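As structure tokens, the structure follows; a few thoughts come after it.
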Amino acid sequence: MSEGLSLATSVRSHLGGELRSADVGSRVTLGGWVQRQRALGGIVFLDLRDRAGVIQVSFDPKFADADAIRMAGDVGRESVVLIEGEVVARPEGGRNAELATGDVEVKAVTMRVVGPAETPAIPVTLGKGESLPSEELRLRHRYLDLRRPELQANIVLRHRLMQVTRRHLSERGFLEIETPILTKPTPEGARDYLVPSRVSAGEFYALPQSPQLYKQLLMIAGFDRYFQIARCFRDEDLRADRQPEFTQIDIEASFIAAQDIYTLAEGLIAALWKEAGVTIPIPFPRMSYADAVEKYGTDRPDLRYGLELFDATEAFRGANFGITKGAIESGGRIRGLRIPGGAVLSRKQVDDLEALARGAGAAGMLRLKREKGELTGPPAKFLSPEQGAMLGIEEGELCLLVAAPDRVSSPALDRVRQEVAKVMKRVPEKTLSFLWVLDFPLFEKDATTGALGAVHHPFTSPHPDDVALLSSAPEKARAVAYDVVLNGTELGGGSIRIADPDVQRRMFNLLAIDDETAQQRFGFLLEGLRSGAPPHGGIALGFDRIAMLLSGATSLRDVIAFPKTTAARALFEGAPTPVAAEDLRDLHIRLEDEGTR
RNA sequence: GGGGCUGUAGCUCAGCUUGGUUAGAGUGCCGGUCUGUCACACCGGAGGUCGCGGGUUCGAGCCCCGUCAGCCCCGCCA
């Protein structure tokens, strides 16, 4: 973890974790935490930990004063001590190859306990028979948890990724500009975190879900290139990869097209991965949204393994098989995947796959396989030999099919495909498969009401080839919107925005937002657009997620210094918390059921 | 909003299937021995609201109901 800096001060001369053979002979004053003691009677060893690592300190009666030896034996773990002594080479056979400092040790002369510690509530260093404490306790005693080298390394990497981001973008003319944290509630999208206003009774600010409108206004203002490492807030239910407050690398630029954003984001992503020691090839491959959903059933496909979906509708056309016949007649298709070597999967394994498909909304899954040249499985007897051949199932292959409308079969087959890759061990762990998914639809239809909603957001520019569709078939119109995906995980996304106030007005009309509502919600942006807006667009990358991937962590909580739990609680400081009645009064807020609290 | 898993010593866990004497282990902690250890070793000791509340039972860590907390998933996340 050594960063090769001198962190010497008037209190300490070196970082113990940085000492090496070259330092032998130096007089040093170290400060750090007592990680472990080994008292052998006359002689005492302390493992002293600081930001750079661990160094062994020996207290030998021939060098150290008696007070120091006594204190070294008595001091509690995790206490902070200052030690004066000399760096010496360890005796032959006494070196510790597992320690970066293991060729040397510090022979102590004096010691002071400057920060005595009570017995830690959770172990910082795991000893014999100990495993990592529960996450609940780790979060409750976060200052102890953060002392662990693993978390320190994650936080240090996060810092370096931030600096790379700033340098990379600054060097390309991007200006880091802060936008408000107290902002205006937005009815669409995620739930807002609201902040009551004291001076304006009954009115509320919202914490930003993203700086979207502000960054567009900065383009209208002529700053041309903006970025921010922006904190965003969304009051939705959480997951391992979702925190209520999170950090985005937010980027916007003027006089650009989508192509420019791809190049820019690829350069930044390559720089971030390089900082973590990984060279990645750019540019990334690109795929249309329509292709992604057709071939993989998802808008963020994992391309590390094949297992493309295929359309088997033609093979089943005319077959007197109730399930497929019904699906085809009601406008659906028969889609599925062929799994090389999958014929060996057990009945139970395939049942489990079907359960996943059902969990994702499918009524069931059809199975066929070819063994010893013969096609078997429930649908087989309904197919003529010619129809069976159309399925293209090779020897040893298992074929799984879902007969349904695409909106059902796509998510079901996506789940099945991912699980098959896992079960068949087809996922190459080390491969990094970056991908641009382009040309998202502009709108999505609400399944129950049929109303149009924005897929990305209402300021996303329609695809230039599809402008005519806005009047005829808006649900078929594509947007100039793009996501960048790594191994099936969305790293970020963005779009080219609408710069023309007339187009923006049409968008609102299609979204059933009338002029008055639009003015009320987005007036400041609309006025801005009418005052001369350059063509502009941008992207936002999930910074925590990138830090998580690059540090090898499996939870965002391991790359955030003070994260929240899945109930959005902060266990360490204890937020949220009730507040005094007079504070609520000042904010013009009265709680329901106050008497029962 | 829904589903699943977990909660026993400071920490990590066993005990719960099939209710029954004094709830165990490792580690940590406390005391002692030990001059080259490095997950030191050895000897001794203390340490429990079995998450919380209610119920069933002669009897509950164990069975039932509720509740709180943590984690994972679905919905949700423009």
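In this text, all values refer to a predicted model and were calculated from it rather than measured experimentally. FYI, side chains are in, hydrogens and waters are out, and symmetry mates aren't considered; it's all heavy atoms of this structure. Below, chain A is the first sequence line, B the second, and so on; all start at residue 1.
- Between the side chain of A:Glu354 and the backbone N or O of A:Met365 there is at least one donor-acceptor pair closer than 3.5 Å.
- Spacing between atom CZ of A:Arg140 and atom P of B:C11 amounts to 11 Å, rounded to whole angstrom units.
- A straight line from NZ of A:Lys62 to P of B:U35 spans 12 Å, rounded to a whole angstrom.
- The C1' atoms of B:C38 and B:A60 are separated by 47 Å, rounded to the nearest whole Å.
- The main-chain N or O of A:Lys564 is never found under 3.5 Å from a side-chain atom of A:Arg569 such that the two would form a donor-acceptor pair.
- Side-chain nitrogen and oxygen atoms of A:Arg36 include at least one within less than 4.0 Å of the OP1 or OP2 phosphate oxygen of B:C40.
- For the 3.5 Å distance criterion, the side chains of A:Asp544 and A:Gln243 fail to qualify, holding no donor opposite an acceptor.
- Counting atom types as modelled, A:Asp47 pairs no side-chain N or O with a base atom of B:C38 as donor and acceptor under 3.5 Å.
- Neither side chain, A:Ser79 nor A:Arg77, offers a donor N or O lying under 3.5 Å from an acceptor on the other.
- At a cut-off of 3.5 angstrom, the base of B:G75 holds at least one donor-acceptor pair with the side chain of A:Arg239.
- For the residue pair A:Asp483 and A:Tyr289, no side-chain donor N or O sits within less than 3.5 Å of a side-chain acceptor on the partner.
- Whole-Å rounding puts the A:Arg77 CZ to B:C38 C1' distance at 12 Å.
- The separation of B:G54 from B:G20, taken at their P atoms, amounts to 23 Å, rounded to a whole angstrom.
- Base pairing of B:U37: no nucleotide in any strand meets the Watson-Crick or G-U wobble criterion (both distances under 3.5 Å).
- Looking at A:Lys107, its side chain comes within 3.5 Å of the base of B:G36 through a donor and an acceptor atom.
- Where A:Asp237 and A:Thr554 meet RNA chain B, the nucleotide closest to each residue was compared, and A:Thr554 sits on the side nearer the 5' end.
- Taking atom P in both B:G24 and B:A69, one finds a spacing of 33 Å when rounded to whole Å.
- Nucleic acid contact class of A:Gln212 (heavy atoms, under 4.0 Å, all strands): base.
- Between B:G61 and B:G53, the distance separating the two C1' atoms is 16 Å to the nearest Å.
- In this structure, B:G61 forms no base pair with any nucleotide, since neither Watson-Crick nor G-U wobble geometry is met with both distances under 3.5 Å.
- Rounded to a whole angstrom, the distance from the C1' atom of B:G59 to that of B:U18 is 16 Å.
- Along RNA chain B, the nucleotide nearest to A:Phe459 and the one nearest to A:Pro61 differ in position, and the one closer to the 5' end is contacted by A:Pro61.
- Contact annotation for A:Asp235: no contact, since no heavy-atom pair falls under 4.0 Å across all strands.
- Taking only side-chain atoms of A:Arg234, from C-beta outward, the nucleotide of B:C11, B:U12, B:C77 with the closest atom is B:C77.
- On a pure distance criterion of 3.5 Å, a polar donor-acceptor pair joins the side chain of A:Arg242 and the base of B:C77.
- Considering A:Glu419, A:Lys348, A:Arg415, A:Arg417 in turn, A:Glu419 is the only one that fulfils the side chain to side chain contact (heavy atoms under 4.5 Å, CB included) rule with A:Leu353.
- Counting to the nearest Å, the C1' atom of B:C73 and the CD atom of A:Glu236 are 16 Å from each other.
- Using N1 to N3 plus N6-O4 or O6-N4 for Watson-Crick, or N1-O2 and O6-N3 for G-U wobble, each under 3.5 Å, B:G45 pairs with B:C29.
- Distances were taken from every side-chain heavy atom of A:Ala567 (C-beta onward) to each of B:G36, B:G70, B:C11; the shortest belongs to B:G70.
- Within the 4.0 angstrom heavy-atom criterion, no nucleotide atom of any strand lies near A:Leu238.
- The distance between atom CD of A:Gln37 and atom P of B:C34, rounded to the nearest whole Å, is 18 Å.
- Within 3.5 Å, no donor on the side chain of A:Arg138 pairs with an acceptor on the base of B:C11, nor the reverse.
- Remark: the A:Glu118 side chain and the B:G10 base include no donor-acceptor N/O pair separated by less than 3.5 Å.
- Side-chain proximity of A:Leu40 to B:U12, B:C71, B:U37: nearest is B:U37.
- Using a 4.0 Å heavy-atom criterion, one finds that A:Leu99 contacts no nucleic acid atom at all.
- When heavy atoms are screened at a 4.0 angstrom cut-off, A:Val455 is found touching the sugar-phosphate backbone but no base atom.
- We find that CG of A:Asp60 is positioned 17 Å from P of B:C38, with the value rounded to whole Å.
- Checking B:C72, B:G70, B:G36 against every side-chain atom of A:Arg557, the shortest atom distance belongs to B:C72.
- If you take atom P in B:G10 and the same atom in B:G2, they sit 34 Å apart, rounded to whole Å.
- In summary, the side chains of A:Gln152 and A:Arg49 do not present any donor paired with an acceptor at a separation below 3.5 Å, with no hydrogens or angles considered.
- Contact annotation for A:Glu135: backbone-only contact, meaning every heavy-atom pair under 4.0 Å involves sugar-phosphate atoms and none involves a base.
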side-chain hydrogen bond (donor to acceptor under 3.5 Å, both in side chains) between A:Gln504 and A:Arg497, intermediate numbers included: CA-CA 9 Å; A:Gln504 186 64 65; A:Arg497 329 297 181 188; over 6 Å; no

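- Checked for salt-bridge contact, A:Asp23 and A:Arg20 miss the test: no charged N lies under 4.0 Å from a carboxylate O.
- A:Asp241 has its CG atom 14 Å from the P atom of B:C71, to the nearest Å.
- Note on A:Thr565: a side-chain N or O is less than 4.0 Å away from OP1 or OP2 of B:G70.
- For B:C77 and B:G70, the P atoms lie 23 Å apart once the distance is rounded to whole Å.
- For the pair A:Arg38 and B:U37, the criterion of a side-chain N or O lying under 4.0 Å from OP1 or OP2 is not met.
- Between A:Arg569 and B:C68, a side-chain N or O to OP1/OP2 separation shorter than 4.0 Å is absent.
- Taking side-chain N and O atoms only, A:Ser555 has no distance below 4.0 Å to OP1 or OP2 of B:C71.
- Of the P atoms belonging to B:U6 and B:C63, the separation is 11 Å, rounded to the nearest Å.
- If you take NZ of A:Lys564 and P of B:A69, they are 16 Å apart, rounded to a whole angstrom.
- Side-chain contact annotation: A:Gln216 with A:Gln212, donor-acceptor N/O pair under 3.5 Å present.
- A:Ala240 comes within 4.0 angstrom of the backbone, heavy atoms only, and of no base.
- B:G7 is paired with B:C68 under the Watson-Crick or G-U wobble criterion, all donor-acceptor distances under 3.5 Å.
- Closest contact between the side chain of A:Thr119 and the listed nucleotides B:C71, B:C29, B:C11 involves B:C29.
- Residue A:Thr460 is classed as having no contact, given no heavy-atom separation below 4.0 Å to the nucleic acid.
- As the counterpart of B:U21, no nucleotide is assigned, since no Watson-Crick or G-U wobble pattern has both distances under 3.5 Å.
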